[in-house]
Colleague: 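Sharing a structure, written as structure tokens. Questions coming.
Every heavy atom of this structure was used, including side-chain atoms; hydrogens, water molecules and symmetry mates were not. Everything quoted here is computed from the prediction, not taken from an experiment.
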Amino acid sequence: MALFAAPDIARTDRPDGSILLESRDLLAPYARSLGDLLRAGSRAHPDRLLITRVSGRGPNGGRYTWGEAKDAAHALAQALLDHGLSADRPLLVLSGNSIEHALLTYAAYTVGVPVVPISTAYSLASADHARVRAIAELVRPGLVFADDEKCYDAALSVVENAGARAVVCGEPVTGTGRRAFADLLATTPTSAVGAAAATVRPDSVAKILFTSGSTGVPKGVLNTHQMLCANQQQMRQVWPFLVQTPPVLVDWLPWSHTFGGNHNFNMILANGGTLHIDDGKPVSALFDKTLAALATHSPTAYFNVPMGYQMLAPRLESDPEFAERFFSGVSILFYAAASLPTELYHRLRAIAKDVTGREIPLTSSWGTTETGPAVTSAHYDPSPSGCIGVPIPGDVLKLVPTGSKLEIRVKGPNITQGYVGAASATAAAFDDEGFYLTGDAVRFVDPDDMNLGLLFDGRIAEDFKLLSGTWVSVGNLRTALVSAAGGLITDAVIAGHDKDYVSALAWPSAHALKLTEDQELRGRLCRVLADLNRGQGSAARIERLILLLEPPVLDAGEITDKGYVNQRVVLERRHELVARLYTEDSGADILRPGGNDK
């Protein structure tokens, strides 16, 4: 069987200037619910490994087969019902990826209880827990889970005050009234579990995911069983290798975000695979855990954000044994729907070819929390860096001229019903034809060949004007800077709204930080700016740059649900540095084209 299905895309040009794109491949039938997928898999291959935690933490030694996971899910499902949980009284999860979190999610899927995993930052990086409180008041959970009672005590108290019962790992503190996860796991399931499972419909809410936000309360996106099951079938049709060989993932991506929690977590359920939970992250303090996980388990498909690949590449180049282990089962490398720097794209492909002697596709797709998430896929090779591919079966794209760009809108079975408790936001999210308004822009790889797909062209709202009135295309300029840097920086954000000139904040790569002297790095970047600016107008010139040593913080919203850097949040969160870019400060850390003496 081929790795990818060949794209066959139809284009319709409309009188209003909009363009419709859709696959001629019809969407095949899909499962009624995610609980059905778990039960079917447990019958078909009960002894196959379903989920492990590479660290070994969790019940049952941190590993569950499909049959064991189904039995545990049914026990926990009975406990959820015993605590009065229902479609109107969801399960709130405060903590990160774990065996307990997975089993509770399977249980909630089974009996139609929405699961609400929220960013750990809302609990651990907040003084007043305002977001946790607001979310609890909005969704009215019947139960709240945290894997570490001590760390999450304050946030647990907030949710308990909203009327939820708390469940924690280990023995709860005496007198708190909290339950131990082990007690729930020991529950004996009754016929009530089967009866509740039979009532789960495709339009039942499986999950509520809160989108990243910099201020206020993020919106709660309703994710139905239809959305998530349809999306997995859509991916199966463009990626037939998922059907041929059950996927094995080694994954750190958080389940409070749609990339890790829907795209990857549900991929295992839909295709009879195995998920190894990686406790690492692409940050210096935790990346060794990712390397250890990948040294232990080889994935069949590997998913990461650009920064993760930037950190992985040097290890693959310097450690042949590790590289051979990593690539031994890999069919594809997948990066989130943001442009991978051109230098890194070619570097990764070269590493893969050197190690395996074959071409391993480096591919991407595009979607949002509101779309399940996948809407497009570059299911062909090669696809250029930044290519998000073509619409997957069942989805219709509407490309609408907006200024000088094309906004991408979408309609299909994997699109949300809206936002919990927010009728006005729901109404504003769709146009008069029912297409979801994404706010993202795209352009064609080749306007004469729809099968070559689309390139991500940034967020329309991110573009800004200089004081001169000149528009700055943030997405294009950011990609140009990262690519021109030749591996010295991993990512950047662009500043300059209502200013005289464009500036940037950028993250140096691990390779760059290992240069013999700090001054060498700064000198090279000053030359990069000079080369980038040569012959360009004001909108494509970067006049000042500051390097950031703190990586983008996923849980603070600096990395979006789609896996790329959130321009707006970074600029707001690091506003003091942005202000320095527009002062007369001549500090050595502010880099200028050609050198700081310019």
Side-chain angles (χ1 to χ4, degrees), residues 28-53 58-82 85 91 93 97-115 145 181-182 184-202 204 206-207 225-226 228-233 235-236 242-251 255 261-277 297 299-301:
Y30 47 87
R32 177 185 66 112
S33 74
L34 294 159
D36 282 357
L37 291 174
L38 175 64
R39 289 187 292 276
S42 69
R43 291 191 297 269
H45 37 75
D47 298 325
R48 181 181 299 166
L49 198 59
L50 169 58
I51 190 163
T52 77
R53 192 168 182 180
N60 206 40
R63 54 189 291 120
Y64 276 80
T65 65
W66 278 79
E68 291 169 338
K70 187 271 293 181
D71 291 343
H74 280 214
L76 290 168
Q78 182 67 54
L80 298 183
L81 297 175
D82 291 346
L85 273 69
L91 167 70
V93 179
N97 303 2
S98 68
I99 296 294
E100 296 89 346
H101 186 166
L103 295 177
L104 282 167
T105 300
Y106 299 150
Y109 284 169
T110 296
V111 290
V113 172
V115 60
F145 169 73
F181 175 84
L184 269 64
L185 191 58
T187 306
T188 300
T190 71
S191 60
V193 172
T199 68
V200 180
R201 305 183 308 273
S204 298
K207 185 179 291 185
H225 284 269
Q226 172 183 289
L228 305 182
C229 290
N231 203 223
Q232 291 301 322
Q233 177 58 33
M235 288 191 286
R236 283 163 60 90
L242 292 174
V243 181
Q244 183 180 20
T245 303
V248 176
L249 304 187
V250 182
D251 199 42
W255 299 340
N262 283 341
H263 189 281
N264 295 355
F265 187 88
N266 294 336
M267 181 181 292
I268 296 303
L269 282 181
N271 298 285
T274 300
L275 174 61
H276 300 287
I277 301 172
H297 303 285
T300 58

Colleague: Can you measure from NZ (K70) to OG1 (T110) and round to the nearest 0.5 angstrom?
Modeller: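 Spacing of NZ (K70) from OG1 (T110) equals 9.5 Å.
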Colleague: Which heavy atom of W66 sits nearest a heavy atom of G273, and at what distance?
Modeller: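 So the two residues come closest at NE1-O, 3.1 Å.
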Colleague: Is it true that the side chains of Q78 and T188 contain a donor and an acceptor less than 3.5 Å apart?
Modeller: no
Colleague: Looking only at heavy atoms, what is the nearest atom pair of T300 and P247, with distance?
Modeller: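 Heavy-atom minimum between the residues: OG1-CA, 3.4 Å.
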Colleague: So do V111 and L81 actually touch side chain to side chain, heavy atoms under 4.5 Å?
Modeller: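 Result yes, sub-4.5 Å side-chain heavy-atom pair found.
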Colleague: Indicate the atoms forming the closest heavy-atom contact of H225 with R201, along with that distance.
Modeller: CB-O, 4.0 Å
Colleague: Calculate, to the nearest 0.5 Å, the distance between atoms CG and CD1 belonging to D251 and I277 respectively.
Modeller: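 That separation rounds to 9.5 Å.
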Colleague: Kindly compute the distance separating CD (E68) from CG (D47), expressed to the nearest 0.5 Å.
Modeller: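 One gets 8.0 Å once the value is rounded to the nearest 0.5 Å.
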Colleague: Hey, what do you get for CD1 (I268) to CD1 (I51), rounding to the nearest 0.5 Å?
Modeller: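 Here the interatomic distance stands at 8.5 Å.
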Colleague: Could you walk me through whether W255 and V115 pass the side chain to side chain contact (heavy atoms under 4.5 Å, CB included) check?
Modeller: CA-CA 11 Å; W255 299 340; V115 60; over 6 Å; no
Colleague: What distance separates L76 CG from F145 CZ, expressed to the nearest 0.5 Å?
Modeller: 10.0 Å
Colleague: Of all heavy-atom pairs between Y64 and A69, which one has the smallest distance, and what is that distance?
Modeller: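 Shortest heavy-atom contact: CD2-N, 3.8 Å.
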Colleague: Which of these passes side-chain hydrogen bond (donor to acceptor under 3.5 Å, both in side chains) with T52: H276, R63, H297?
Modeller: H276
Colleague: Are any side-chain N or O atoms of K207 and backbone N or O atoms of G261, one a donor and one an acceptor, separated by less than 3.5 Å?
Modeller: yes
Colleague: Minimum heavy-atom separation for C229 and A31, please, with both atom names.
Modeller: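 Taking every non-hydrogen atom into account, CB-O, 3.4 Å.
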Colleague: When rounded to the nearest 0.5 angstrom, what is the spacing between CG in N271 and CG in N266?
Modeller: 10.5 Å
Colleague: Do R48 side-chain atoms and P246 backbone N/O form a donor-acceptor pair below 3.5 Å?
Modeller: no
Colleague: Does the side chain of T105 reach to within under 4.5 Å of the side chain of L34, using non-hydrogen atoms?
Modeller: no
Colleague: Are L37 and Y109 side-chain neighbours, meaning at least one heavy-atom pair lies under 4.5 Å?
Modeller: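 Counting from C-beta outward, L37 and Y109 never come under 4.5 Å.
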Colleague: For the residue pair E100 and P59, what are the closest heavy atoms and their distance?
Modeller: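 Taking E100 first and P59 second, the nearest heavy atoms are OE2-CD, 3.2 Å.
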Colleague: For N60 and I99: C-alpha separation, side-chain torsions, deciding distance, then whether side chain to side chain contact (heavy atoms under 4.5 Å, CB included) applies.
Modeller: CA-CA 9 Å; N60 206 40; I99 296 294; over 6 Å; no
